[in-house]
Each structure stands twice: as structure tokens, then as C-alpha cells.
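Counting starts at 1 for both ligands and their atoms, following the listed order.
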Amino acid sequence: MTVHTGRHFLQIPGPTNIPDRVLRAMDMPGLDHRGPEFAEIGFAVLSGMQRMFKTKQPVIIFPSSGTGAWEAAIVNTLQPGDKVLMCETGQFAVLWRGIADKFKLDVEFIPGDWRHGADLEQIEARLSADKAHKIKAVCVVHNETSTGCVTRPLDVRNIMDRLTHPALLMVDTISGLGSMEYEHDAWGVDVSVAGSQKGLMLPPGLGFNAVSEKALAVAKANPGLRSYWEWEDVMAFNKVGTFPYTPAINLLFGLREAIKMLEEEGMENVFTRHKRHSEATRAAMKVWGLETQCQEQGAHSPALTGVRMPEGHDSDHFRKVVLENFDMSLGTGLNKVKGKLFRIGHIGHFNDLMLMGTLSGVEMGLDLAKVPHRSGGVVAAMDVLKRREQAAVPKAAVA
Ligand code: PLP
């Protein structure tokens with residue numbers, strides 16, 4: 001077994017690095033979740049998550065992975081036979097669609113090449129052809145973690161409004177929330193789905209739904225079967241700061257601390273930081289002569305970059321070389337892009353020098369794995385990061 005020293009570099013796009021402050025906040029003894037102290041933490045995270053989603057509407061917190069929050073969005077608002085419009089932006093769109101299939105929804109799946117955001121023209125065409133308003137929901141993945149392409153939920157909302165189509169807009173922002181702008185209310189999103197282990201810098205284990213008034217009304221009238229995921233039950237308990245079952249208490253302590261950290265930095269600064277790191281990564285790739293998986297101008301994810309391997313080179317072999325030599329984990333290519341790309345996560349608890357370490361490991365790995373490239377990508381990334389006028393100024397430092 002190889003012994004590595006220093007910290008492992010976890011550069012996958014989730015689970016992300018967990019700040020020591022968050023780890024320490026979770027290091028707590030058991031607490032009576034029905035006792036007087038619990039409500040304080042309950043109210044703190046519920047209101048904190050409203051600020052994260054930019055909503056005045058309820059946010060439901062489940063002890064679950066993101067997949068649970070996907071299922072919750074579906075079972076509360078839809079029933080078997082309901083028609084939904086989904087878009088094949090990548091593996092996570094495919095997986096969400098799989099859940100819809102299991103619940104026997106009638107899925108219209110707009111095909112995609114996994115190198116672009118959702119096809120807005122196709123969304124518009126399918127909705128405008130749906131004169132009888134059979135489509136009950138339009139579901140899009142905000143930040144497609146398998147590719148690094150972004151779909152702007154507001155673009156979809158604008159299409160729906162222009163056509164006065166009454167479907168619900170559901171958005172998976174599992175790897176978007178906390179790493180890029182998100183506005184549940186202003187963008188007219190009906191159900192937002194998120195998870196704890198990405199931009200929120202926590203371990204996996206919390207799933208979130210932010211829910212519009214319209215989605216709540218649809219859920220109230222929906223006779224479809226559900227129990228654990230029932231929004232109304234959770235919301236009833238949330239009124240007094242508690243949950244209907246034993247919540248993931250220590251993760252909630254971590255969540256309160258993570259929100260505090262993000263707000264101390266200032267959300268605008270958090271988003272700027274992610275954009276700079278994405279820009280610097282792409283500057284390195286340009287010099288290396290490697291292609292981004294995302295081919296849509298303006299749709300590159302601030303949270304991760306999907307990097308295509310040159311023909312004849314296997315990305316999993318490259319990842320193995322990097323892991324063995326430099327103790328760094330890079331994201332694998334999923335499903336139909338397996339072996340064709342690797343993903344660099346620059347999301348969550350992350351800074352300029354962590355990015356430089358990451359890109360150095362990639363450049364050395366390219367050499368060792370004999371992947372054709374030009375050297376000097378790291379220097380190009382440094383040039384981007386040296387432009388200090390773009391660097392984030394933490395709010396706490398200004399005050
Ligand atoms: N959606 C997106 C965009 C994701 O990135 C992920 C996980 O990486 C999921 C859904 C599924 O979440 P989980 O693995 O927490 O169930």
C-alpha cells in the first residue's frame with residue numbers, strides 16, 4: 001500500500017471538502033430532538049435555507065441524499081400517468097427521469113448530446129404544442145454535474161410564462177446551490193431540489209425541497225401515495241422548529257455553521273470565487289489543448305469542469321495515475337462518457353492555492369500518463385488568479 005502524507009486532494013464535484021469549522025460544529029453529543037433546545041437549531045437552519053434558496057416560501061429538509069429530494073418533488077406533486085417534460089442534459093437528468101419512470105409518469109424526454117444545457121427551443125416547441133396543458137411539470141437540472149453545463153432556470157420560466165403554460169417548474173440545483181446564483185422566488189421555480197454535500201460544504205445526508213405556493217396547492221390536491229416524503233407533515237412540525245421523525249441532528253449543526261460561513265464571505269463573493277476558479281481551469285485547459293465537455297458558450301459551470309480526453313486515451317487510467325502519484329481524486333466520466341472525460345471539482349470549501357495544487361496534479365498526471373498536451377496550463381491559470389481585482393473580498397474583512 002502506498003503511504004501518502006499531507007491532505008488528500010478531493011477534487012470531485014461532490015462530496016466536497018468539509019471545512020474544519022463545520023466538522024467541529026457537528027462534533028456534538030446527542031440532543032433531544034423533542035426537547036426545548038432543539039427548536040433553536042431547527043428554526044436557524046430552516047430560515048438559513050430560505051436565504052440560500054432566496055425564497056420566502058417553505059424549505060423542507062429531509063434526512064436523505066439528493067435522490068430522496070428528487071423523489072419527494074415527484075411524489076408530492078404528481079401521480080401515475082401525469083405527463084412531464086424532462087431534458088437529457090447528462091447522467092443526472094437521466095437518473096431523475098428514471099425515478100419518474102418508476103412512478104409511472106408519462107415522460108417526454110428531450111434528447112441531448114451531454115455537451116449543452118437543456119434545449120430551450122425544444123422546450124418551447126413541446127410546450128406550445130401542448131394546447132390541452134397535459135404537461136404537468138417541466139424538470140431541468142440547473143448544474144449538470146456529469147458534464148459541467150448549466151441550464152438557466154429563468155430561461156425556462158420565461159418560456160413558460162410567454163406561453164402561459166401552467167405546468168410546474170422543477171429544478172435540480174443539487175450541485176448549484178451555494179456555488180452559483182440561485183433565486184427560487186424571483187425565477188418562478190415551483191420545486192427546487194438540493195443536497196448537502198456540494199456547495200453547502202457538508203457531508204452527504206440532507207436533501208432539500210424549496211416549494212412555491214402553487215406547488216403546495218398542487219400537493220394538497222394530489223391523492224398520489226406518499227408517506228416519508230409528505231411535505232405537509234414536515235411543515236406542520238417545522239412550525240415549532242421540529243421534525244416529524246428523528247432528524248439528522250448533527251448534520252443540522254453543521255448546516256447552521258456552513259450557512260454562517262457562506263454568509264460571512266458574502267454570497268456574491270462565494271459565486272465570484274467559483275467563477276474565477278472555473279475561468280482559471282479553462283485557461284489551463286486551453287494551453288493543454290484539451291476540450292471542455294461543455295460546448296455551449298456561456299454555459300460553463302462555475303462549480304466543475306468536465307475535461308475530454310484525446311481520442312485513444314482512457315480518462316479512468318489517467319485518474320488512476322493521478323490518484324496513485326499525487327493522492328488526488330478527480331471525478332470520473334459517468335455512463336455514456338465513461339472513460340472519455342474526467343471532472344475537476346472546484347466547488348465548495350476551496351481557494352486559489354487549492355486550485356493551483358489541483359491543476360498542478362492534473363498537469364503532472366498528463367505527463368505521467370502520456371496524454372498528449374502542451375505544458376504551461378498551470379502558468380495560464382496563475383495569470384487568471386493573479387488578477388486580484390476579481391478576487392472575492394470577504395464581507396467580514398470589509399466590515
Ligand atoms: N442531481 C445532481 C445534479 C447531482 O450532482 C447528484 C449527485 O451528484 C444527484 C442529483 C444525486 O444526489 P445524491 O447522490 O445525493 O442522491
Side-chain angles (χ1 to χ4, degrees), residues 10-18 49 52-53 60-75 84 86-102 109 112 114-118 139-153 156 170-182 184 189 191-210 228-229 248 251 254-255 258 274 278 293-294 299-306 329-335 337-338 341-348:
L10 181 67
Q11 294 322 131
I12 61 172
T16 61
N17 295 289
I18 306 167
M49 285 310 295
M52 291 294 109
F53 280 108
I60 289 90
I61 304 177
F62 294 110
S64 79
S65 79
T67 301
W70 262 343
E71 179 165 332
I74 286 177
V75 295
V84 294
M86 299 179 121
C87 307
E88 187 197 356
T89 44
Q91 173 65 357
F92 291 103
V94 167
L95 291 175
W96 201 7
R97 184 243 159 102
I99 297 179
D101 283 340
K102 284 191 180 137
F109 202 41
W114 293 38
R115 302 197 77 167
H116 295 79
C139 304
V140 291
V141 176
H142 180 207
N143 184 58
E144 181 48 85
T145 326
S146 63
T147 66
C149 285
V150 170
T151 296
R152 282 187 295 268
V156 182
M170 304 219 208
V171 178
D172 165 345
T173 185
I174 285 180
S175 59
L177 196 76
S179 61
M180 47 205 282
E181 285 87 356
Y182 196 80
H184 176 88
V189 181
V191 187
S192 296
V193 179
S196 51
Q197 75 275 28
K198 310 273 185 183
L200 295 177
M201 313 182 293
L202 290 165
L206 296 177
F208 307 94
N209 283 167
Y228 185 76
W229 304 115
L251 285 174
L255 178 59
H274 283 81
S278 169
Q293 174 67 12
C294 179
H300 292 287
S301 168
L304 76 136
T305 304
S329 298
L330 295 166
T332 186
L334 296 167
N335 194 344
V337 291
K338 181 108 192 111
L341 67 84
F342 66 92
R343 294 170 297 150
I344 302 175
H346 30 78
I347 170 173

message: Regarding Thr89 and Glu144, do their side chains bring together a donor and an acceptor under 3.5 Å, going by distance alone?
response: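 Yes, because at least one side-chain N or O of Thr89 sits under 3.5 Å from a partner of the opposite role on Glu144.
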Between atom [atom1] of [X] and atom [atom2] of [Y], what is the distance when rounded to the nearest 0.5 Å?
X: Ser179; Y: His346; atom1: OG; atom2: NE2; result: 10.0 Å
X: Phe53; Y: Asn209; atom1: CZ; atom2: CG; result: 7.5 Å
X: Leu177; Y: His184; atom1: CG; atom2: NE2; result: 11.5 Å

Distance dump, ligand 1 polar atoms to protein, N/O, under 3.5 Å:
| residue | atom | partner | partner atom | Å |
| --- | --- | --- | --- | --- |
| ligand 1 | 1 (N) | Asp172 | OD2 | 2.6 |
| ligand 1 | 5 (O) | Thr145 | OG1 | 2.5 |
| ligand 1 | 5 (O) | Lys198 | NZ | 3.4 |
| ligand 1 | 8 (O) | Lys198 | NZ | 2.6 |
| ligand 1 | 15 (O) | Gly66 | N | 2.8 |
| ligand 1 | 15 (O) | Gln197 | NE2 | 2.7 |
| ligand 1 | 16 (O) | Ser65 | OG | 2.7 |
| ligand 1 | 16 (O) | Gly66 | N | 3.3 |
| ligand 1 | 16 (O) | Thr67 | N | 2.8 |
| ligand 1 | 16 (O) | Thr67 | OG1 | 2.5 |

message: Tell me whether the rings of His142 and Tyr182 are parallel (<30°), tilted (30 to 60°) or perpendicular (>60°).
response: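 The rings of His142 and Tyr182 sit tilted, inter-plane angle from 30° to 60°.
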query: Got a donor-acceptor contact below 3.5 angstrom from the Ser192 side chain to the Val171 backbone?
result: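 Side chain of Ser192 to backbone of Val171: no pair is present.
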